[in-house]
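Only heavy atoms go into these numbers, but all of them, side chains included; no hydrogens, no water, no symmetry mates.
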Amino acid sequence: MNNDQITSFYNNNGFGRIDLANGREIRSLPSFSQFGLMTLRIFNQAGEPESDVIFQWDNLSSALAWAISLPDFVALIAQYTH
């Protein structure tokens, strides 16, 4: 993981992915059970989602940048890098 990836993801309102250790990555996906929410989840080496939901935000307003500050977002993602 590097901070450039996180910053780019954040500045793109959560569109993209963040590579983690051990072939895992964080991806954003729509949460179909709750209309208008996006969810960040970790995917394993096989491309399957792990159980952790990292963060959800209202994508109707592209509001990731408003929902959490960049330093807080970097800190949140850092918890999942080991």
Side-chain angles (χ1 to χ4, degrees):
M1 178 195 81
N2 66 52
N3 283 354
D4 289 342
Q5 256 193 322
I6 297 173
T7 302
S8 174
F9 187 96
Y10 179 91
N11 289 336
N12 287 318
N13 291 309
F15 294 101
R17 67 180 200 185
I18 299 170
D19 295 321
L20 299 175
N22 301 322
R24 298 187 312 161
E25 64 183 27
I26 294 172
R27 299 182 200 164
S28 59
L29 3 142
S31 181
F32 296 111
S33 62
Q34 297 172 286
F35 181 74
L37 285 183
M38 295 288 282
T39 302
L40 295 189
R41 296 195 79 156
I42 294 178
F43 284 73
N44 62 25
Q45 294 170 345
E48 299 164 341
E50 296 183 3
S51 59
D52 281 4
V53 169
I54 297 173
F55 188 69
Q56 289 187 320
W57 73 98
D58 172 6
N59 75 316
L60 295 178
S61 58
S62 293
L64 178 61
W66 303 336
I68 186 170
S69 71
L70 179 57
D72 288 347
F73 186 65
V74 169
L76 181 70
I77 297 300
Q79 297 173 24
Y80 293 90
T81 60
H82 40 67

For the [atom1] atom of [X] and the [atom2] atom of [Y], what is their distance to the nearest 0.5 Å?
{"X": "Ile18", "Y": "Thr7", "atom1": "CD1", "atom2": "OG1", "answer": "9.0 Å"}
{"X": "Leu70", "Y": "Asn11", "atom1": "CG", "atom2": "CG", "answer": "7.0 Å"}
{"X": "Tyr80", "Y": "Ile42", "atom1": "OH", "atom2": "CD1", "answer": "6.0 Å"}
{"X": "Gln56", "Y": "Thr39", "atom1": "CD", "atom2": "OG1", "answer": "4.0 Å"}

Plane angle bin for Phe9 and Phe73 - parallel if under 30°, tilted between 30 and 60°, otherwise perpendicular: parallel
Heavy-atom donor-acceptor pair, Arg24 side chain to Glu50 backbone, under 3.5 Å: no
Any donor-acceptor N/O pair, Tyr10 side chain to Ile68 backbone, under 3.5 Å: yes
side-chain contact (heavy atoms from CB on, under 4.5 Å) evaluation trace for Arg41 with Val53: CA-CA 5 Å; Arg41 296 195 79 156; Val53 169; 4.1 Å; yes
Partner set under side chain to side chain contact (heavy atoms under 4.5 Å, CB included) for Ser8, not counting sequence neighbours: Asn12
Shortest non-hydrogen contact from Asn22 toward Gln45: O-NE2, 2.7 Å
Gly47 versus Arg27, closest heavy-atom pair with distance: CA-NH2, 4.0 Å
Phe43/Leu29 under side-chain contact (heavy atoms from CB on, under 4.5 Å): CA gap, chis, key distance, verdict: CA-CA 11 Å; Phe43 284 73; Leu29 3 142; 3.4 Å; yes
